[in-house]
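Read through the structure below, which is laid out as structure tokens, and then see the notes.
Chain A is the first sequence line, chain B the second, and so forth, proteins listed ahead of strands; every chain is numbered from 1. Predicted model only: the values in this text are computed from it and were never measured.
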Amino acid sequence: MALKTGASFVKLNAFRRAARLLSTRTRPETAQNGGGKIAEFPGARAPYVSEMKFFNETSYEPIPIYRVMDNNGQIIDKNEEPNLDKATLINMYKTMVQLSHMDKILYESQRQGRISFYMTNYGEEGIHIGSASALSPKDLVFSQYREVGVFLYRGMTVTELVNQCYGNCEDPGKGRQMPVHYGSKHHNMVTISSPLGTQMPQAVGAAYAYKRVPNNDRCVICYFGDGAASEGDAHAAFNFAATLDCPVIMLCRNNGYAISTPTSEQYRGDGIASRGPALGLHTLRVDGTDTLAVHNAVKRARDFTVANNKPVLIEAMAYRVGHHSTSDDSSAYRSVEEIQKWTKDESPLQKFKLYLEHKGYWDAETEKAWSKEARDTVVRTMQEAEKKKKPNWKEMLEDVYYEMPPRLQKQMKQMEEHLKKYPEHYPLNQHESD
Amino acid sequence: MALKSSPAVLGMLTRLSRRSFATSKALASKPVTVRDALNQAIDEEMERDEKVFVLGEEVAQYDGAYKVTRGLWKKYGDKRVIDTPITEAGFAGIAVGAAFAGLKPICEFMTFNFSMQAIDHIINSAAKTFYMSAGTVPVPIVFRGPNGAASGVAAQHSQCFGAWYSHCPGLKVLMPYSAEDAKGLLKAAIRDPDPVVMLEDEIMYGIPFPMSDEAQSKDFVLPIGKAKVEREGRHITLVCAGRGTDTALKAAEQLAGSKGIECEVVNLRTIRPMDFDTIARSIAKTHHLITVEQGWPQSGIGAEICARVMESPSFFELDAPVWRVCGADVPMPYARTLEAHAVPGPADVVDAVTNVLGNKISAVQAQ
């Protein structure tokens with residue numbers, strides 16, 4: 001990067017020394033910082049220059065995008081093809097298909113008034129499954145809200161996810177959260193929290209806790225979007241991950257939009273990846289529509305973070321095919337042509353399917369059969385979920401504190417007595433009873 | 001943003017020496033400053049449980065902006081006492097994440113005024129997570145630091161956050177007064193599995209209090225949610241916390257001397273969960289109530305106490321309406337004379353007591 005011309009410098013120095021010997025001045029010279037060449041400030045160690053030059057986002061080449069497959073599912077460099085066995089690859093693809101069917105049906109069910117809210121994951125299935133398949137089940141996951149594929153891959157069932165959307169009595173989240181705010185202690189997935197970006201310093205803190213354990217073999221992964229990366233928390237998280245040496249993978253899903261804000265209005269620099277080296281993080285930019293590329297990237301990142309207790313920033317480039325959520329209509333701010341282009345040409349499912357077909361692991365028949373099964377699973381699960389009761393009303397007062405305080409105990413008892421007296425005024429049959 | 005210059009701290013200390021404090025006459029048992037009591041509490045809990053660690057600005061090598069963590073970095077090292085970059089939102093978030101993963105962080109805010117930059121993490125990440133995760137993710141974190149008015153630090157460094165934090169379910173909020181309060185409550189807070197906000201007082205840090213032998217033991221823990229009757233009386237109840245307790249005690253002293261009015265001073269110690277039973281018992285005895293706090297009147301701690309009295313049988317025990325003595329409803333002025341008037345002093349409490357007891361003072365004295 002810097003201009004290194006030292007030749008003329010040496011001659012000047014010799015001349016100056018000679019001039020000093022000949023001079024009649026007696027004032028001693030002040031020592032030069034770094035001998036006048038490389039300055040040693042506490043804040044930076046860098047060469048001095050006499051020519052002023054502004055650096056901006058175009059001074060550096062954009063960070064290149066790593067990929068393994070082309071849009072036809074063909075491996076570009078054979079050395080980069082990951083050694084995944086047939087069963088794993090098929091499981092990965094099936095999970096992606098399951099996710100897209102679940103998205104479609106649950107989105108429709110919100111439109112029909114069956115659930116209150118939903119967010120789809122179209123276009124980012126490759127990021128979910130590519131990353132999840134490269135992690136150990138012991139690694140802790142902090143997500144934002146558009147990472148359902150990671151939950152599915154880790155073993156959360158469609159039933160559990162649909163139950164959470166319906167907030168029924170079998171919801172592992174006890175009906176406390178909006179739909180898609182999944183969590184599972186058993187699967188090492190921290191319950192999703194709505195405020196954007198807050199999961200980032202939390203993830204770094206959790207990684208800090210892990211690295212303190214001797215012989216630690218766990219890392220933490222934190223998913224966040226291009227919009228969330230603008231939060232102050234993001235900067236703090238990157239900075240702390242680096243200064244506190246935390247084994248954390250910060251994975252940015254750059255899908256081009258934050259609700260209606262395109263990335264051209266979200267930031268001026270070279271994406272989120274450019275912030276990594278600036279804050280001292282090992283950084284990689286990857287094609288998020290290429291499942292194998294994401295897998296390789298996360299695998300390499302994981303090995304690195306656990307071995308070195310240092311963070312990694314991965315920016316996975318993708319496109320948000322669907323609306324932000326059921327509360328959004330993206331045709332208000334982008335063209336149908338743009339959406340269609342990305343759906344058709346850059347579909348992660350398409351690419352991965354073609355790869356599997358090239359390898360002879362998948363064909364039109366298995367596609368048809370699995371599509372049907374995936375769809376039926378969701379429909380059946382939804383029908384069952386709807387019939388299930390809501391959680392016991394007492395859950396409203398539980399878990400506010402570790403131990404229920406006397407005030408809430410009193411209120412619970414009062415409510416119990418009230419319900420005993422006037423049961424016909426309350427929809428008790430809709431809720432689970434003791 | 002942050003007040004870090006030593007000249008300012010020294011300025012505060014010189015003004016400090018001109019104040020007088022209501023400390024117990026019997027300093028015969030070993031006197032310990034509030035600062036040292038807090039230091040002891042953190043040290044003992046760190047020794048007892050290696051999951052406990054401290055993080056914040058200047059807590060390590062500088063020994064703490066107010067020296068509360070003095071000596072801890074030297075004793076426990078980088079792994080247990082961490083200096084953080086200047087980002088309250090950042091280090092509060094990290095502390096919460098560490099708590100999610102099983103550690104027990106003590107997160108220091110240089111003053112609680114700066115906690116506003118992290119308040120999303122305190123409320124949305126810490127207070128609500130146990131509930132929203134269906135009881136699977138406890139958050140055993142302590143947020144601590146000086147709260148309320150100091151001396152000559154103006155509007156952005158003088159706010160009392162007792163009302164703000166005690167508003168939220170999921171948090172426990174403590175406000176110690178004496179050195180014993182400080183030590184016992186902080187130890188309880190660190191051991192508690194719920195997120196706790198510990199609102200200390202910068203002016204009180206340097207004040208010595210007698211510490212009983214029991215309080216000096218490593219297992220001395222005060223119960224969270226229990227108030228203490230600092231002074232017994234039969235004419236009127238003064239409910240207070242933190243530095244308000246000091247103000248109330250001084251006023252009680254004056255009233256006992258000049259007018260023969262005996263005030264019962266109830267030091268809340270815990271703002272949430274509030275020990276209303278102790279207040280109720282006291283009202284049943286005195287039939288008059290005043291609340292004393294440094295925070296602003298609207299939606300304050302005094303307002304909450306009044307509401308609870310109104311909604312309980314204690315209402316019928318009152319012989320007069322409750323009065324709140326609060327900080328003036330203005331951002332804290334800088335001028336020293338104005339600052340003194342913006343914060344309740346003993347004279348204000350004496351005034352309030354006189355008004356509440358009204359012209360029944362002679363009747364009260366005759367009892």
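Most heavy-atom pairs under 4.5 Å with chain A: of the set B:Leu55, B:Thr84, B:Val137, B:Val96, this distinction falls to B:Thr84. Contact count against chain A (heavy-atom pairs under 4.5 Å) is highest for B:Leu103 among B:Thr87, B:Leu103, B:Asp78. Between chain A and the residues B:Ala95, B:Ala92, B:Gly90, the largest count of heavy-atom pairs under 4.5 Å involves B:Gly90. Among A:Gln199, A:Lys185, A:Met200, the residue with the largest count of heavy-atom pairs under 4.5 Å with chain B is A:Lys185. With chain A as the partner, the residue from B:Ala101, B:Ser125, B:Gly93 showing the most heavy-atom pairs under 4.5 Å is B:Gly93.
Side-chain N or O atoms of A:Arg176 include none that pairs as donor or acceptor with a backbone N or O of B:Ser133 at under 3.5 Å. Put simply, the side chain of A:Arg407 never gets that close to the backbone of B:Pro273: no donor and acceptor are under 3.5 Å apart.
Here the closest non-hydrogen pair linking A:Tyr208 and B:Lys79 is OH-O, 3.0 Å. Looking at every heavy atom in both residues, A:Pro195 comes nearest to B:Asn124 through CG-ND2, 3.6 Å. Smallest separation of non-hydrogen atoms from A:Pro172 and B:Ala134: O-CB, 3.4 Å. Closest approach of A:Arg212 to B:Lys51, counting heavy atoms only: NH2-CA, 4.3 Å.
Interface with chain A: from residues 275-284 of chain B, no residue qualifies, criterion being any non-hydrogen pair under 4.5 Å. Residues of residues 188-197 of chain B lying under 4.5 angstrom from chain A, judged on non-hydrogen atoms, are B:Pro193, B:Asp194 by number.
Residue A:Leu408 does not touch chain B at all, counting heavy-atom pairs closer than 4.5 Å. Only the backbone of A:Glu398 has a heavy atom closer than 4.5 Å to any heavy atom of chain B. The parts of A:Met396 that come within reach of chain B are both its backbone and its side chain, each placing non-hydrogen atoms under 4.5 angstrom from that chain. With a threshold of 4.5 angstrom between heavy atoms, A:Val220 does not approach chain B through any atom at all.
None of A:His181, A:Met178, A:Lys174, A:Gln177 except one satisfies the side-chain contact (heavy atoms from CB on, under 4.5 Å) rule with B:Met132; the exception is A:Gln177.
Using the six-membered ring where Trp is involved, B:Phe100 and A:Phe142 have ring planes that are parallel, under 30° apart on the 30 and 60° scheme.
Around atom CZ of B:Phe315, no more than 12 heavy atoms belonging to other residues, nucleotides or ligands sit under 6.0 Å away.
Ring pair A:Tyr402/B:Phe130: centre-to-centre distance below 6.0 Å.
Proximity of B:His121 to A:Thr198: side-chain heavy atoms (C-beta onward) are separated by under 4.5 Å at one or more points.
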